[in-house]
Protein chains: 2
Amino acid sequence: MTDRLDELPGRRCSIAGALDVVGDRWALLVVREVSLGAHRFSEILRGTGAPREQLTARLNALVDAGVLERRQYSASPPRSDYHLTKAGRDLLPVLQALMQWGDRYVADEPPVEFHHSGHRITASWVCDVCGEKVGRGIERHVRDRHEPAPA
Amino acid sequence: MTDRLDELPGRRCSIAGALDVVGDRWALLVVREVSLGAHRFSEILRGTGAPREQLTARLNALVDAGVLERRQYSASPPRSDYHLTKAGRDLLPVLQALMQWGDRYVADEPPVEFHHSGHRITASWVCDVCGEKVGRGIERHVRDRHEPAPA
DNA sequence: CGAGTTGGTTCGGTATGCGAACCTTGACGG
DNA sequence: CCGTCAAGGTTCGCATACCGAACCAACTCG
């Protein structure tokens, strides 16, 4: 079994592997935009500020990597929009960690807040079952990928 | 007051600010190496696999950004090693999130999950007031640099 | 004295990033 | 019909950034 990590320089590590997929300048900003509801090319373009052709390339790469899914919403003229796959949604913890760090160490104004209907939105760990925000008492659980998720 | 975020394209956001500091190809790998105990130039070089001059530039940038601290351990010949500052240590959650994602989607390794009381925990954007998970249609409610803060 | 190590810098070719312009398909207004 | 506009890209050409190879200065060890 060939492993993508083998082609990377340096220490063999999942961090390097993840960065190989989403470690360029625009990829995580694209994921941020899509996670915030910007699904169309032009919305993502505006939200990220990336150059158009870079964005084209990035979107294609992220679709190929399985982070985004392209959905055609008009056959003619051909128009697509972009949605997060499960892999894409699973990048949210990375964005949250980056945002917290940026809030603390980069932004010298009060951190930028996301709002909807006048309410502030924050990043949280949420229990899939309870729907409850989780503060402490998180257990790290290692599960083999071939084993089914716990019921 | 000038804010570093103002110089970035796209939506004004701490994520973009954080990526401006640690979003290039080698920065987070350097932080990983230092956090794993590689403090000398040659150790970091070997662990990351980065080209030498890139590493020189990256180390200087990370010292300037306050992520690393350079300590001279020999006056002649001038020799320094590198240590994490508090800001650098605070990047560990980012590395952990990336590692978890890489474990699951890039590497052929068993993934790691978080659980509490037997329930799986995932990350979401959550409205502080409603407690509601946010997905679609949030974009127009997001405050950006062109829009005044809500009162 | 000569070879080796550390921690870099310099150099030149190449890959990548970027902005400007262009293209195609269709919608809309007159 | 005809002209114009918008979405969603693609093509082009230049400028920057990246990269490997070579070089270097200051020791240290044999």
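Atom set for the values below is all heavy atoms of this structure, side chains included, hydrogens, waters and symmetry mates excluded. Numbered from 1 within each chain, the chains take letters A, B, ... in sequence-line order. Computed from a predicted model, the values in this text were never measured in an experiment.
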| query | Hey, is the side chain of A:Tyr82 poking within less than 4.0 Å of OP1 or OP2 on D:dG8, counting only N and O atoms? | reply | no
| remark: Sorted by position of nearest nucleotide on DNA chain D, 5' first, the leading residue of B:Asp24 and A:Arg70 is A:Arg70
| said: From the set D:dG8, D:dG9, C:dG8, return the single nucleotide nearest to any side-chain atom of B:Thr56. | reply: C:dG8
| Whole-Å distance separating the CD atom of B:Glu43 from the P atom of C:dT6 | 9 Å
| message | What is the separation between atom CD1 on A:Ile44 and atom C1' on D:dG8, rounded to the nearest whole Å? | response | 12 Å
| said: Holding to side-chain contact (heavy atoms from CB on, under 4.5 Å), I want the full list of residues that pass it with B:Arg79, two or more places apart in sequence or in another chain. | reply: B:Tyr73, B:Ser74, B:Pro77
| query | Taking the side chain of B:Pro51 as heavy atoms from C-beta outward, which of D:dC19, C:dC18, C:dG8 is closest to it? | reply | D:dC19
| When you check every protein heavy atom under 4.0 Å of nucleotides 21-30 of chain D, what one-letter string (B, S, -) results, 5' to 3'? | B----SS---
| Relative to the 5' end of DNA chain C, which residue comes earlier, B:Asp81 or A:Gln54, by the nucleotide with the nearest heavy atom? | B:Asp81
| field | Pair B:Leu19-A:Arg25, side-chain contact (heavy atoms from CB on, under 4.5 Å): steps then yes or no | value | CA-CA 7 Å; B:Leu19 289 174; A:Arg25 173 151 184 205; over 6 Å; no
| field | Side-chain (A:Trp101) to main-chain (A:Val106) donor-acceptor, under 3.5 angstrom | value | no
| query | Given side chains that start at C-beta, do those of B:Val21 and B:Val67 come closer than 4.5 Å, heavy atoms only? | reply | yes
| task | Check whether any side-chain N or O of A:Trp26 sits under 4.0 Å from OP1 or OP2 of C:dT16, and answer yes or no. | result | no
| Side chain to side chain, B:Arg11 and A:Arg32, heavy atoms closer than 4.5 Å | yes
| remark: Rounded to whole Å, OH of A:Tyr73 lies from C1' of C:dG26 at a distance of 12 Å
| message | Test side-chain contact (heavy atoms from CB on, under 4.5 Å) on B:Val34 and B:Val31; report intermediate values, then the result. | response | CA-CA 5 Å; B:Val34 178; B:Val31 174; 5.9 Å; no
| message | Of the options D:dC19, C:dG7, C:dG19, whose atoms approach the side-chain atoms of B:Arg25 most closely? | response | D:dC19
| said: Expressed as a whole number of angstroms, how long is the span from B:Arg71:CZ to C:dT6:C1'? | reply: 19 Å
| Length of the CG-C1' vector between B:Asn60 and C:dG7, whole Å | 11 Å
| task | With sequence neighbours excluded, give me every ring pair (Phe, Tyr, Trp, His ring centres under 6.0 Å) pair touching residues 27-61 of chain B. | result | B:His39-B:His83
